[in-house]
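Contents: one structure, followed by commentary.
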Amino acid sequence: MARSVLYGSASAIFAPAVLAPGAASAQTRVAAAQIPAPVILPPLTVLDTRDQLRVAQASLPFNHRSRTAVQRTLERLDDMGLDLSVGRAILVNIAAAELIAYEGGVEILRSRVVVGAPRTRTPQLTTYLTTVRFHPPWYVPASIAPEIRANGAVGFQQVGGRLIQPPGPTNPLGPLRIGLQDSDGIFLHGTNRPGLFARPGRALSHGCVRVERVRDLAAWLLDTTPASVDATLATGRTQDVHPLQEVQVALAYLTIWPDRGRQLVAYADNYGLDAPGARRASFRRVYRAPPQTPEQQMEAAARLPPQEDDPL
């Protein structure tokens, strides 16, 4: 599903000699001491990635498939309109089926994800994180409800005409759901089918993003530890926890992107957005509302319809 592009800016890394204790002669130990120390690369930032992509674009032949992917990726980074080098940010690379968390432009965490299938695509979106929900119920989308009802809807509740699955081991949201502002029902969440993360092709969902390392991600967002997240989960209660720091989130279709080793990798164009004549896909941007007084917040809340994903 992915292949390396041999135009990168990674430095060479020297592996240190591994010697069994007491097994080396004095001459061997002297020789080993003269081996250069391992080169510790500084953290890769988003700005470094842009430069790396531009170098690759200039190096690849004009009609090379990867050159088109590089060009489209740079365009989408521009269209994204989100500065991943400031504060905390999450980038979901839809094409790579991968999530990367950044702090100050430096990569902090990387996780495999499951994204929308070609028929039910994950949209390109820039927004903000709202809450981390422990033990989320699943409010079944109207497009899926007929299929579930046809299968008997065992273990589901019906509230106000909507099918709702309570938290539990069969809930497809898994133990955690990370909310996004004005995302039209798109969330980051866990899963009850972790085996899907082992698949090379992970464009399988109805649009939401299932995150393999969702506990580690939640711990980083909440400035705590995975053990603390597990302790909260152990209570069994559905509850929302708000991050103390603002977190920007981008869902973007980037068909060329560096792996952990800084090697540019070309990913399969599952959505056909790099095909000749394909339209330049636009982003939907969600803007942070200006601060409100308590009175304004109460008035705004009174005008809003009830949230569909309130806990049971």
Side-chain angles (χ1 to χ4, degrees), residues 1 92-99 111-125 127 130-215 217-218 233 236-240 249 251 253 268-273 281 284 286 304-312:
M1 299 303 292
V92 174
N93 187 348
I94 301 166
E98 193 170 54
L99 176 149
S111 173
R112 292 181 292 189
V113 300
V114 170
V115 296
R119 290 187 177 182
T120 52
R121 300 178 179 182
T122 298
Q124 294 197 96
L125 171 71
T127 183
T130 54
T131 60
V132 176
R133 175 165 293 174
F134 291 75
H135 294 295
W138 179 39
Y139 284 70
V140 180
S143 59
I144 308 174
E147 178 184 347
I148 293 177
R149 287 193 173 96
N151 292 329
V154 178
F156 289 78
Q157 301 176 14
Q158 185 156 323
V159 179
R162 293 293 304 276
L163 278 179
I164 303 173
Q165 185 177 18
T170 62
N171 189 304
L173 299 184
L176 293 161
R177 193 221 68 180
I178 297 169
L180 305 178
Q181 181 180 331
D182 297 337
S183 63
D184 293 335
I186 299 298
F187 306 110
L188 313 180
H189 60 79
T191 183
N192 62 332
R193 300 177 64 192
L196 296 179
F197 295 119
R199 295 191 182 185
R202 297 190 296 277
L204 305 166
S205 80
H206 287 86
C208 281
V209 178
R210 308 173 196 175
V211 183
E212 182 176 32
R213 297 182 61 189
V214 68
R215 281 179 168 83
L217 180 63
L233 287 171
R237 294 190 300 112
T238 296
Q239 56 181 303
D240 284 345
V249 180
L251 312 180
Y253 190 79
D269 181 19
N270 292 319
Y271 292 1
L273 299 184
R284 185 169 73 85
V286 175
L304 291 175
Q307 292 293 319
E308 290 183 341
D309 61 342
D310 279 345
L312 291 174

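For this chain, numbers begin at 1 and follow the sequence in order. Atoms considered below: every heavy atom in the structure, side chains included; atoms not considered: hydrogens, waters and symmetry mates.
No side-chain donor-acceptor contact under 3.5 Å links R112 to the backbone of E212. Judged purely by atom type and a 3.5 angstrom limit, R177 has no side-chain atom pairing as donor or acceptor with the backbone of R133. Judged by distance alone, with hydrogens and angles left aside, the side-chain atoms of T120 form a donor-acceptor pair with the main-chain N or O of S205 at under 3.5 Å. In this structure a side-chain-to-backbone donor-acceptor pair under 3.5 Å is present from Y271 to T122. In this structure a side-chain-to-backbone donor-acceptor pair under 3.5 Å is present from N171 to Q165. Of the possible polar contacts, none joining the R202 side chain to the V115 backbone as a donor-acceptor pair under 3.5 Å is found. In this structure a side-chain-to-backbone donor-acceptor pair under 3.5 Å is present from T127 to Q181. Proximity of a side-chain donor or acceptor of T238 to a complementary backbone N or O of H135 within less than 3.5 Å is detected. With hydrogens and angles ignored, the 3.5 Å screen pairs a side-chain donor or acceptor of Q124 with a backbone N or O of Y253.
One distance of note links CD of Q158 with CZ of R149; it measures 4.5 Å at 0.5 Å rounding. Summarising the geometry, atom CD1 belonging to I94 is positioned 11.5 Å from atom CG belonging to L99; distances are rounded to the nearest 0.5 Å. Taking OG1 from T191 and CZ from F197, the interatomic distance works out to 5.5 Å, rounded to the nearest 0.5 Å. Here CG of L173 is found 9.5 Å from CZ of R210. Values are rounded to the nearest 0.5 Å. For the atom pair CH2 of W138 and OG1 of T170, the computed distance is 10.0 Å after rounding to the nearest 0.5 Å.
Taking R215 as the reference, D230 meet the salt bridge (charged side-chain N to carboxylate O under 4.0 Å, His left out) condition, with sequence neighbours excluded. For the side chain to side chain donor-acceptor pair (under 3.5 Å) test, no residue two or more places apart in sequence or in another chain qualifies with R121. With sequence neighbours left out, D182 forms a salt bridge (charged side-chain N to carboxylate O under 4.0 Å, His left out) with no residue at all.
Under a cut-off of 6.0 angstrom, the local environment of CZ in R284 is crowded, with over 12 non-hydrogen atoms contributed by other residues, nucleotides or ligands.
When side chains are defined from C-beta on, L176 counts as touching L233, because their heavy atoms get closer than 4.5 Å. Side-chain atoms of P123 and I186, non-hydrogen and from C-beta on, do get closer than 4.5 Å to each other. In this structure, V286 and S183 have side chains that are not in contact, with every pair of non-hydrogen atoms separated by 4.5 Å or more. Side-chain contact between L196 and L204 is present, with heavy atoms from C-beta onward closer than 4.5 Å.
Nearest approach of G155 to P166, heavy atoms of both residues: O-CD, 3.3 Å. Nearest heavy-atom pair across L163 and F156 is CD2-CB, 4.1 Å. Shortest non-hydrogen contact noted between P175 and P136 is O-CD, 3.4 Å. Nearest heavy atoms, P167 versus P137: CG-N, 3.9 Å.
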